[in-house]
Amino acid sequence: MNNLFNKLINLLNNEFKKFDLDEAIKLNLSKMPEFDMQINNLVKYNKSDFFSSLQKNIIEIIDSTNYFLPVEKNEIGFLNLVFNHDNLIKDITNKKSDFEINNREKIIFDYGGPNIGKPLHVGHMRTLNIGRSLYNIHSFIGNNVVSDIHLGDWGMPIAQIITYLENQSVDINALDSDQLEIIYPKASEQYKISENFKIRAQEINKLLNDNDAELLKIWESIKNISKKSLEENFSLLNHSFDYWLGESDVNELIPEMIESLYKNKKIIDDSGALISAEDTDPKILITKSDGSYLYITTDLATILYRQNNIGYDKTLYIVDNRQSLHFQQLFDSIKFFEFNNLHHEHISYGTLNDSDGNPFKTRDGGTKPLSELFEETQNYIKNINSDLEKSTIKQLTNSVLTFSDLITNRKTDYKFDLEKFTNVNGKTGIYVQYAQVRAKKLQQSIPQQKNEIENLVLSDIDKQLLSQLFMFGYFLEQSFLLNEPHHLANYLYDISNSFNQFYEHEKLSEIENSIHLSSKLYLVNLFLTTSQNVMFCLGIKPVEKM
RNA sequence: GCUCUCGUAGCUCAAAUGGAUAGAGCAACAGACUUCUAAUCUGUAGGUUAUAGGUUCGAGUCCUAUCGAGAGCGCCA
């Protein structure tokens, strides 16, 4: 990457390598007010014979950039750095092209995973937000990205719905998505309580696996109704997918896959079912005893489908952490079955609860549709300002739903507190939008100066903002290496907060000195570029005014 | 029963993969608006990082035990 932060890191890491050190240098923002940055991980080598030459070389590299005042070394071996902001501001741009990586990869993002027949509900929010953000982050740094919604359009849930329709003699042609969404829980209930229903549903499931023509017709109309409803929801929530492949799309690959695995003794009989021959605990069940397929069966076939039809270097599955055993078994099996040696990773996330810490439910105890949460959020925003344009309200609502979700580390369970997340202050989607709108207004209302960036006049607050803008590369790297968007979400709050301080500290419209004004406007532009790039990475659309 | 994850300020969460004095936001309290939109900003207070040991120059982070919470454990997805 070509930005100042990562270029410096690369130089320093090369120096580490020269000394055969198998770790990366850590260049951090300083906690001490008199310094801007610090390097801590030289300390551990302070008893080694190469320490003084390593330290000397590191200091020389930093000094040679001219972005820092002469480095101060502490007696134990910590290095303390102070920016030379006048030089820094001349070279920092934070454009997209500054962050593009050299070794590009093709990455499939498997997320969303809605089931047909069920509405999108609150439980889908995290996979959608995290998935879209990671997709955008990897796109931003130049990777070749592909999203696949991995539609749950196969298996027992569908069989249950069809069984229910059959029992009640429902006319498929008159069915709409609302009715379908009411039917699913009823069908699921019947499956649990009625033995006859259960037997028929399992029969239908098997027939579907075997491509029964009549049933496939019914299945297809259910799928179309559902898909239309999903598309409407995604349009509202600003989601889109490159592929809408479903579990059904790989159905035809399964018989051959099973046969081949069986022939090669990779899977074996176990009381009628087929299990992996790999010695694992628990055993990995590949097909049921009636020969029908499971979650892992279609997931395995999906791997074959993707390697043959899409091609990839990596696949990231953005799925909640309760399914970690499934993915461990899936990834084990990919290797054991010798499908490929590509990188597959479960990007797990914690449970989303309501503000009391309980699972999200509607008042009558059902799962809460995402559209209902959208409505509620929208109402909060209308209460803050009733004069907003319709499109602005929509974008602010999405900002709240996205930013609130991404601010927390994806691995932890968290409480979704709408009242808190729609606050105009604090770490909220509204706050970060407001800062960005303020910057836009300045850009529009104050005539741009010629880019005079010699002899700048920078206050402490200007310097703080500039220092933080320098760190974009660091937080971006954290986010894509760990596939954790919250680093960028917190960073967006931090730069927005610094910008608001900058804004309050001195009125640009009252500055008469042109060089002074020029440096201020330069920072406004730099903030706006950075903020909008971070927003893109998070999947948030900047609003024009609010 | 077995396996995994977690326990940080009143509340919600961070903490660079072992670094210096554990940071933010909310809530509380005290301030700043004839405004480039105060949808903001400034300040105060709040901690034995569940507990007890251990590893080392150095631990919220690694190891062990205890207590507490959550999740998963073949014919659902």
Side-chain angles (χ1 to χ4, degrees), chain A residues 23-24 26-32 38-44 46-47 74 76-78 80 113 115 152 154-157 160 188 191-192 202 205 247 270-276 281-296 298-299 319-326 328-329 348 350-351 353 355 357 381 384-385 396 407-409 411-417 419-421 423-428 430-431 433-435 437-438 441-442 444-446 474-475 477-478 481-482 486-487 490 493-494 497 500-511 524 545-546:
Chain A
E23 68 171 315
K26 289 172 193 161
L27 179 61
N28 307 339
L29 284 181
S30 180
K31 288 170 190 163
M32 285 169 285
Q38 54 183 307
I39 293 177
N40 295 336
N41 60 340
L42 291 182
V43 179
K44 66 178 78 166
N46 63 8
K47 289 194 181 102
N74 141 309
I76 321 170
F78 291 105
N80 290 311
N115 295 322
W154 207 239
M156 282 313 297
Q160 288 168 13
S188 172
Y191 183 83
K192 280 178 205 152
Q202 284 169 343
N205 185 41
E247 294 169 331
D270 186 286
S271 50
L274 293 171
I275 61 167
S276 172
D281 182 27
K283 288 289 181 190
I284 303 174
L285 186 68
I286 305 294
T287 66
K288 301 194 223 174
S289 45
D290 70 352
S292 61
Y293 309 146
L294 290 154
Y295 190 19
I296 196 167
T298 46
D299 268 7
V319 181
D320 81 273
N321 58 19
R322 286 174 300 192
Q323 294 183 35
S324 58
L325 180 60
H326 166 72
Q328 194 189 314
Q329 294 184 331
S348 65
T351 312
N353 293 316
S355 52
I381 288 169
I384 300 167
N385 181 349
L396 287 178
I407 191 82
T408 305
N409 184 327
K411 287 171 186 161
T412 56
D413 300 347
Y414 81 99
K415 295 176 187 171
F416 194 91
D417 184 340
E419 198 166 326
K420 173 182 157 190
F421 293 155
N423 197 333
V424 293
N425 273 313
K427 298 186 178 185
T428 68
I430 297 175
Y431 181 92
Q433 287 278 17
Y434 183 66
V437 164
R438 276 181 146 181
K441 187 70 191 299
L442 287 183
Q444 289 157 7
S445 60
I446 297 172
Y474 168 75
F475 290 104
E477 195 170 65
Q478 287 293 308
L481 288 179
L482 303 168
H486 76 277
H487 301 285
N490 274 294
Y493 173 80
D494 287 343
N497 181 237
N500 274 332
Q501 289 174 37
F502 164 92
Y503 183 95
E504 295 279 331
H505 180 245
E506 197 172 1
K507 269 192 170 187
L508 269 70
S509 59
E510 290 171 2
I511 296 174
V524 172
K545 55 181 180 182
M546 58 192 277

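Source: prediction; values computed, not measured. A, B, ... follow the sequence lines: proteins, then strands. Residue 1 opens every chain. In what follows, every heavy atom counts, from backbone to side chain, and hydrogens, waters and symmetry copies are set aside.
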Specify the glycosidic conformation (syn or anti) of U42(B), with syn defined as within 90° of 0.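 What U42(B) shows is an anti base, its glycosidic angle lying more than 90° from 0.
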Just to confirm, is there a sub-4.0 Å distance from OP1 or OP2 of [N] to any side-chain nitrogen or oxygen of [X]?
{"X": "Asn497(A)", "N": "G25(B)", "result": "no"}
{"X": "Asn425(A)", "N": "U40(B)", "result": "yes"}
{"X": "Asn500(A)", "N": "C41(B)", "result": "yes"}

Starting at atom [atom1] of [X], determine the distance to atom [atom2] of [N], rounded to an integer number of angstrom.
{"X": "Lys26(A)", "N": "A15(B)", "atom1": "NZ", "atom2": "C1'", "result": "13 Å"}
{"X": "Asp281(A)", "N": "C4(B)", "atom1": "CG", "atom2": "P", "result": "12 Å"}
{"X": "Glu23(A)", "N": "G18(B)", "atom1": "CD", "atom2": "P", "result": "10 Å"}
{"X": "Leu42(A)", "N": "G58(B)", "atom1": "CG", "atom2": "C1'", "result": "16 Å"}
{"X": "Leu482(A)", "N": "A16(B)", "atom1": "CG", "atom2": "P", "result": "10 Å"}
{"X": "Glu506(A)", "N": "U40(B)", "atom1": "CD", "atom2": "C1'", "result": "17 Å"}
{"X": "Arg438(A)", "N": "U40(B)", "atom1": "CZ", "atom2": "P", "result": "8 Å"}
{"X": "Lys441(A)", "N": "A39(B)", "atom1": "NZ", "atom2": "C1'", "result": "14 Å"}

Could you give the distance separating [M] and [N] at their [atom1] atoms, to the nearest angstrom?
{"N": "G19(B)", "M": "U56(B)", "atom1": "C1'", "result": "13 Å"}
{"N": "G46(B)", "M": "C11(B)", "atom1": "C1'", "result": "12 Å"}
{"N": "A59(B)", "M": "A52(B)", "atom1": "C1'", "result": "15 Å"}
{"N": "G70(B)", "M": "U64(B)", "atom1": "C1'", "result": "23 Å"}
{"N": "A69(B)", "M": "C75(B)", "atom1": "C1'", "result": "31 Å"}
{"N": "U8(B)", "M": "G60(B)", "atom1": "P", "result": "15 Å"}
{"N": "G18(B)", "M": "A30(B)", "atom1": "C1'", "result": "41 Å"}
{"N": "C29(B)", "M": "A45(B)", "atom1": "C1'", "result": "8 Å"}

What residues, two or more places apart in sequence or in another chain, satisfy ring pair (Phe, Tyr, Trp, His ring centres under 6.0 Å) together with His487(A)?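 Partners of His487(A) under the ring pair (Phe, Tyr, Trp, His ring centres under 6.0 Å) test: none.
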Using the test ring pair (Phe, Tyr, Trp, His ring centres under 6.0 Å), find all partners of Tyr431(A) that sit at least two apart in sequence or belong to another chain.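 Tyr493(A).
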Heavy atoms under 4.0 Å, any strand shown: does [X] hit a base, just sugar-phosphate, or nothing?
{"X": "Ile286(A)", "result": "nothing"}
{"X": "Asn80(A)", "result": "base"}
{"X": "Leu442(A)", "result": "base"}
{"X": "Asn423(A)", "result": "sugar-phosphate"}
{"X": "Gln329(A)", "result": "nothing"}

Qualifying residues under side-chain contact (heavy atoms from CB on, under 4.5 Å), relative to [X], sequence neighbours excluded:
{"X": "Leu508(A)", "result": "Leu442(A), Ile446(A), Phe502(A), Ile511(A), Leu517(A), Lys520(A), Leu521(A), Val524(A)"}
{"X": "Glu23(A)", "result": "Phe16(A), Asn41(A), Lys44(A), Tyr45(A)"}
{"X": "Ile76(A)", "result": "Val43(A), Asn46(A), Asn74(A), Phe78(A)"}

Below 4.0 angstrom, N of the basic side chain to O of the carboxylate: do Arg322(A) and Asp320(A) qualify?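 Yes, Arg322(A) and Asp320(A) are salt-bridged.
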Between Phe475(A) and Phe502(A), which has a closest nucleotide on RNA chain B that is more 5'?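 Its nucleotide being nearer the 5' end, the pick is Phe475(A).
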Earlier contact from the 5' end, RNA chain B, for Lys44(A) and Ser324(A):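 Of the two residues, Ser324(A) wins.
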Nearest 0.5 angstrom please: [X] [atom1] to [Y] [atom2], how far?
{"X": "Lys545(A)", "Y": "Gln433(A)", "atom1": "NZ", "atom2": "CD", "value": "14.5 Å"}
{"X": "Leu285(A)", "Y": "Lys283(A)", "atom1": "CG", "atom2": "NZ", "value": "12.0 Å"}
{"X": "Ile275(A)", "Y": "Ile284(A)", "atom1": "CD1", "atom2": "CD1", "value": "9.5 Å"}
{"X": "Lys427(A)", "Y": "Lys420(A)", "atom1": "NZ", "atom2": "NZ", "value": "9.5 Å"}

Which dot-bracket string describes RNA chain B (Watson-Crick N1-N3 plus N6-O4 or O6-N4, or G-U N1-O2 and O6-N3, all under 3.5 Å; [ ] crossing; | other strand)? (((((((..((((.....[...)))).(((((.......))))).....(((((..]....))))))))))))....
Among residues at least two apart in sequence or on other chains, which ones pass side-chain hydrogen bond (donor to acceptor under 3.5 Å, both in side chains) with [X]?
{"X": "Asn321(A)", "value": "none"}
{"X": "Asn425(A)", "value": "none"}
{"X": "Lys411(A)", "value": "Glu484(A)"}
{"X": "Gln160(A)", "value": "none"}

Less than 3.5 Å between a donor and an acceptor, one on the side chain of Tyr474(A) and one on the base of A16(B), is that the case here?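 Check passes, donor-acceptor contact within cut-off.
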Table of protein N/O atoms under 3.5 Å from nucleotides 74-77 of chain B N/O atoms:
| residue | atom | partner | partner atom | Å |
| --- | --- | --- | --- | --- |
| C75(B) | O2 | Ser289(A) | N | 2.5 |
| C75(B) | O2 | Ser289(A) | OG | 3.2 |
| C75(B) | N3 | Ser289(A) | OG | 3.3 |
| C76(B) | OP2 | Lys288(A) | NZ | 3.0 |
| A77(B) | OP2 | Tyr295(A) | N | 3.4 |
| A77(B) | O3' | Glu247(A) | OE1 | 3.4 |
| A77(B) | O3' | Glu247(A) | OE2 | 3.1 |

Would Phe78(A) count as stacking on A20(B) if stacking means ring centres less than 5.5 angstrom apart and planes tilted under 30 degrees?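 Yes; centroid distance and tilt both under limits.
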Can you tabulate the close N/O pairs, meaning under 3.5 Å, that link protein atoms to atoms of nucleotides 8-14 of chain B?
| residue | atom | partner | partner atom | Å |
| --- | --- | --- | --- | --- |
| U12(B) | OP1 | Lys415(A) | NZ | 2.4 |
| U12(B) | O2' | Lys420(A) | NZ | 2.8 |
| C13(B) | OP1 | Asp413(A) | O | 3.3 |
| C13(B) | OP1 | Lys415(A) | N | 3.2 |
| A14(B) | OP1 | Asn409(A) | N | 3.1 |
| A14(B) | OP1 | Thr412(A) | OG1 | 3.1 |

